[in-house]
Undergrad: 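There's a structure below that I have some questions on.
Each chain gets a letter, A, B and so on, in the order its sequence line appears, and its residues count up from 1.
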There are 2 protein chains.
Amino acid sequence: MAGDEPQGDAFRPLTDIDRLIHEPARLMILSFLEAVDSADYVFLMRVSGLTWGNLSSHMTKLEEAGYVTVKKEFLNKKPHSMAQLTLQGKQALEAYRLVMKKALEGYSL
Amino acid sequence: MAGDEPQGDAFRPLTDIDRLIHEPARLMILSFLEAVDSADYVFLMRVSGLTWGNLSSHMTKLEEAGYVTVKKEFLNKKPHSMAQLTLQGKQALEAYRLVMKKALEGYSL
DNA sequence: ACATCAACTTTGCCACACAAAGCTCTTTGC
DNA sequence: GCAAAGAGCTTTGTGTGGCAAAGTTGATGT
């Protein structure tokens, strides 16, 4: 009795897409982190155009999801946050890309 | 003085992506409508897996944005809603796809 | 000493996605 | 022929969440 819906449910890949990655700001951040492997908040802010507040909250969410790790240290007596993509984050990003690419192809009936 | 940001602002296509289309349910609906050119709510509900309530509110938003037109008539004494993608909707969808595809390529620095 | 700036975090608000309830007709028991 | 059920929606309610504004903490000018 698996699959309540009669049929055709294989035709909506977007229904359970990863909302955490789907948010544009976060997709940007993850993509950048994938490219550079490690970056500090100042760089991420510059490159993403986010404010400190938004960047901070997005990073917290990504960290809680286990998609990034953030190392906070003091660099010449100033706080400094370094972010890095985790394996889990990389895999989630890949999965997201697959689903999204498929959805962007459109449906040819 | 155009462009407050020093530079590099060409490197974030996602900042002003169309949020109306970015919503998965709506992207689905628009994609389906593009394929069939015209569909009723029952079909859209089946194919998208949305509830009546959600479909209704999403369609209202799409209509208000001018992305679809909805014609409501009585078919054998029952209400019947037919939706159709507008030119504006088709163009917006195309623009969305371009931005999103670019973003999914990732950033090679 | 006071203000300012850098690097954040926390709080507050507003929009919005989803669910639950409501609404209007029609059809189906009984 | 009348009540209950169902089809086809719309409206209301509610919780999540993104963004901005304010707050925090310490170092650095003046």
Undergrad: Got a sec, which residues hit side-chain contact (heavy atoms from CB on, under 4.5 Å) with A:Lys72, two or more places apart in sequence or on another chain?
TA: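 Expected list: A:Tyr41, A:Val70, A:Ser81.
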Undergrad: With sequence neighbours excluded, what pairs up with A:Ala39 under the side-chain contact (heavy atoms from CB on, under 4.5 Å) test?
TA: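 A:Ala39 satisfies side-chain contact (heavy atoms from CB on, under 4.5 Å) with A:Leu33, A:Val36, A:Phe43, A:Leu44 once adjacent residues are dropped.
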Undergrad: For A:Arg19 and A:Phe74, find the nucleotide of DNA chain D closest to each by heavy atoms; which residue's nucleotide sits nearer the 5' end?
TA: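 On the 5' side of the pair lies A:Arg19.
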Undergrad: Earliest and latest nucleotide of DNA chain C, 5' to 3', sitting under 4.0 Å from a non-hydrogen atom of chain B?
TA: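 Nucleotide range in contact with chain B: C:dC16 to C:dT26.
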Undergrad: Please name all residues satisfying side-chain contact (heavy atoms from CB on, under 4.5 Å) with B:Thr86, sequence neighbours left out, ordered by chain then number.
TA: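 If we apply the side-chain contact (heavy atoms from CB on, under 4.5 Å) test to B:Thr86, skipping adjacent residues, the hits are B:Thr69, B:Gln88.
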Undergrad: With sequence neighbours left out, write down each residue that passes side chain to side chain donor-acceptor pair (under 3.5 Å) with B:His80, or none if nothing qualifies.
TA: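 B:His80: side chain to side chain donor-acceptor pair (under 3.5 Å) contacts with B:Asp40.
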Undergrad: Can you list everything that forms a salt bridge (charged side-chain N to carboxylate O under 4.0 Å, His left out) with A:Lys102? Sequence neighbours excluded, please.
TA: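 So A:Lys102 forms no salt bridge (charged side-chain N to carboxylate O under 4.0 Å, His left out) with any residue.
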Undergrad: Write out all pairs satisfying salt bridge (Lys or Arg N to Asp or Glu O under 4.0 Å) with one or both partners inside residues 19-33 of chain A, taking only residues at least two apart or from two chains.
TA: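 Passing the test, one end in residues 19-33 of chain A: A:Arg19-B:Glu23, A:Glu23-B:Arg19.
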Undergrad: Check every nucleotide of DNA chain D for an atom under 4.0 Å from a heavy-atom of chain B, then give the first and the last such nucleotide from 5' to 3'.
TA: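 It runs D:dA7 to D:dC19.
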Undergrad: Check salt bridge (charged side-chain N to carboxylate O under 4.0 Å, His left out) between B:Lys61 and all other residues, then give those that pass, not counting sequence neighbours.
TA: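 None.
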Undergrad: May I ask you to test the B:Tyr96-B:Leu30 pair for a side-chain heavy-atom distance under 4.5 Å?
TA: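 Of all side-chain heavy-atom pairs linking B:Leu30 with B:Tyr96, none is under 4.5 Å.
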Undergrad: Identify, with sequence neighbours excluded, every residue that meets salt bridge (charged side-chain N to carboxylate O under 4.0 Å, His left out) alongside A:Glu94.
TA: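 Salt bridge (charged side-chain N to carboxylate O under 4.0 Å, His left out) list for A:Glu94, sorted by chain: A:Arg97.
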Undergrad: Please list, in numerical order, the residues of residues 50-72 of chain A that have a heavy atom closer than 4.0 Å to any atom of DNA chain C.
TA: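 Under 4.0 Å from DNA chain C: A:Trp52, A:Gly53, A:Ser56, A:Lys72.
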Undergrad: Applying side chain to side chain donor-acceptor pair (under 3.5 Å), can you list everything that pairs with A:Thr60, at least two apart in sequence or on another chain?
TA: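 Scan of A:Thr60 (side chain to side chain donor-acceptor pair (under 3.5 Å), adjacent residues dropped) gives none.
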Undergrad: Let me know, please, whether A:Pro79 or B:Ala25 comes out on the 5' side of the other along DNA chain C by nearest nucleotide.
TA: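 Upstream on the strand: A:Pro79.
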